[in-house]
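A note on names: the letters A, B, ... follow the listed sequences, proteins ahead of strands, and every chain is numbered from 1.
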Amino acid sequence: MNEQQTLFDFMRQQSDKLAAQTLQHIGLTFISLFIAVLIGLPLGILITRRRKLSGPVLGVAGVLQTIPSIALLGFMIPVLGIGAKPAIVALLLYALLPIVRNTFTGITGVDPAVKEAAVAMGMSKWQVLFKVELPLAMPVIFAGIRTATVITVGVATLASYIAAGGLGEFIFGGISLNNTNMILAGAIPAALLAILFDFLLSRLQRLNIRKLKTATATLPLLLLLFSSFYFIPSAYGGKLTAGFTPEFMGRQDGNLGLQSKYKLKIHTIVISDAVMYKAAYENQLDVISGYSTDGRLEAYHLVVLKDDKGIFPPYYAAPVVREDALTKFPELENTLNLLSGKINDSIMTALNYRTDYLHQSPEKVAKDFLLDNGLWKPAREVNMGIVRIGSKIFGEQYILASMYSMLIKGYTDYDVATKTGLGGTKICFDALTNNQIDFYPEYTGTGLLAILKPSLKTVDSLTLSKDKTYNYVQKEFQKKYNIKWLKPIGFNNAYALMMRKKQAKDLNIKTISNLKRYLESK
Amino acid sequence: MIKVEQLSKHFGKTQAVDNISFEVKEHENLILLGTSGCGKTTTLKMINRLIEPTSGEIFIDGKDILEQPPEILRRGIGYVLQNNGLFPHYTVAENISIVPQLLKWDKKRIEKRISELLEKLHLSDDCRQMYPAELSGGQQQRVGLARALVADPAVLLMDEPFGALDNVTRSKIHAEFKVLDELKRKTIIMVTHDVQEAFELGDHICLMDKGKILQDGRPSNLLFNPANAFVQDFLQEQRLQLEFKTIKLNDIWRWLPILQKENKTKVLPADTDLWTGLEQFKFASSETITIHHDSETKSASFEQLMAAFYQYKKQQAHE
Ligand SMILES: Nc1ncnc2c1ncn2[C@@H]1O[C@H](COP(=O)(O)OP(=O)(O)OP(=O)(O)O)[C@@H](O)[C@H]1O
Ligand SMILES: [Mg+2]
């Protein structure tokens, strides 16, 4: 009951955003669908005429469908950049197969005697197509469009990864922020849209022949109408464009803080961490929300803007471990603490640079580091129990997880199982509390703001000091979750706003206040 | 009117049609008769260019059919398909108006023509807005026929138009078919594998087998002067009934006795077939029937009719 109430509250609070995202979602879905029909229908007809092409065409469309959506979106970026264009292309590629296939089967399924009758009456090829084949294939073609619609509504949630908006912003923002209401506020409307469109199209499909003629005529109009939704919310621009991750968008120490403490107003799009740096490098974004130790900072010639009002709290990394795991594996704590104080900001940035930009494997980077620091020992190859390590889904966490894994194998008699790539904070932390992993590297700021979520006042009193934050989360985690924060590793991977070095220099922007002043000038 | 010369069609190694020639005169009804797979449909489809021949020529009204674009040719030829081929997504009225629409008739003219045809083909006016799936098999075939007839083409091609009907319905439609004025002014090629139907409706029959025409002639020719054993065997099973139906009373006129004294039995015209003549004895209580020919009148009993029939056959055999 309480949960529902707050979900409702959340939706009401965010109703503007929700409406905008829903419209974007519908728009995105139908633009893609419209173009998919525009391409798929003629293509389907073509392969009924040139049967030899049908195998290759359906094959290629089938392969496209099996490419994981995130990967397909990723492939689009180098070619089409970020934003609506690549998202629409990716979505329409998914929608293509059902439309082409159903057009093909629909038309080839028309009774050959009826087709022959049409020819025998003296109809031309086009007349046979438009008066006989297409009308008779229409129910099957509709079924294909219906399938395509449902697929597209679903995949469109991923469009937010590349700054194309839609309900994915809430869903992925909610996952990163450990905010169930936010996830549901995106997921429920997305599911409802899928159900609604499926239902509407199923009605169309079941209409009798006479009404189907009108329906066929109105469908393109409807598609166009829905498509136009996309342009309504995105019809604004600005001097500079910021790209923030969904997580950053919803955080007090992120966009909310920028707005309340700095009063920063900037045209903002939501984008995934995976493509953000590159987009900034390629001039598609001007300001991004990165992490201060990210290796790509170096790789893409970016510079961190100074947080002169101190809204980004310290994010010191340390392993968080289940208490019962520490009891079960007595040697674990000392082993994990071997890394404590060993990695400062610049070392971490350099390590990240090697994985993120030079594409070296996290294992190699981890091993090299341990060897250089005289910490590496060969694995003992014994098994007195298995320690389960988790990590979030970015390079730094992979490197840390590898280091811990090597240390445990070298210094203790335990074996290791790693579960890397656990989405965001919520997924990782849930895995820990549900006893699916024994520990993972976490950041003090994240523990404070994404997991504990204390009142604003408490946050304000803590966030400017590294030690206060650490002590607070350590005490609260112990009390609430029976989870222990071990000693910090050393580096501070805080949020930071970044710009291209050259642009920042040209515009003379060094701090966030500078940025605000620039935006308000003229 | 229609002339086919040395026409052949090969599908790969199959000789579907093998060097056939025939001619159909204006307003004549030619039947292509033969077992399944002997090439009847293929022959028919070559005439409206649904199939292009491997070799040979076809002329309609003295003009090579290759001279005009196929669409234009087809709009001038009525075609009834083997299994009616009505458009399931069109109403009866829409189905019938396909060709007039292609010919760009105005709406009124189409409506008028549809009403006229529905009446002639004994279809109720309610059928207009129905879809083919809502009609019986017999009604569907009538609609198929109406669709072929609507633009009043001079040539009509029919591929087993009464194929899917039960015997009772079929004889009923046969009877209607024979009196339909629309059909009397057409040159018709009709395909069937039903011997009875061929004899009942055909002025001319081409008996085909394995792509070849084995005999081309009037029904009585095929019956009494079979070209070979195949023709003989093909008709053997129903021979007696076919003969009764083929022979007219005036064919056996000379062997019938002259009327002795007036009686009150029914008078039949002499172009009645023998079958109908014999059928009279089923119902009539009288011993004889009366037949009228020009100014002469003759009468015969059942036995006398049969005797005349055997005389006639004996004479045919010697000819
Ligand atoms: N498109 C085609 N491709 C290959 N072979 C064909 C084709 N059409 C017909 N044939 C072959 O040609 C021969 C004659 O076929 P056709 O359809 O003319 O027979 P039909 O006399 O109409 O038979 P039915 O009484 O069964 O309709 C058959 O052996 C058939 O298998
Ligand atoms: Mg046939």
Q) Among A:Val119, A:Val110, A:Asp111, which residue forms the greatest number of heavy-atom pairs with chain B at distances under 4.5 Å? A) A:Val119
Q: For chain A, find which of B:Leu102, B:Asn48, B:Ile98, B:Leu73 contributes the most heavy-atom pairs closer than 4.5 angstrom.
A: B:Leu102
(Q) Between A:Lys131 and chain B, with a heavy-atom cut-off of 4.5 Å, which part of the residue counts as in contact: side chain, backbone, both or neither? (A) both
Q. Which region of B:Leu86, side chain (C-beta onward) or backbone (N, CA, C, O), has a non-hydrogen atom less than 4.5 Å from a non-hydrogen atom of chain A, or is it both or neither?
A. backbone
Q. Between B:Lys25 and B:Asp203, is there a salt bridge with N-O shorter than 4.0 Å?
A. no
Q) So does B:Lys120 pair up with B:Asp181, basic N to acidic O under 4.0 Å? A) yes
**Q.** Validation row: A:Asp198, A:Thr149 side chains within 4.5 angstrom (heavy atoms)
**A.** no
Q. Does NZ or CZ of B:Arg147 lie under 6.0 Å from the centre of the six-membered ring of B:Phe87, at an angle within 45° of the ring axis?
A. yes
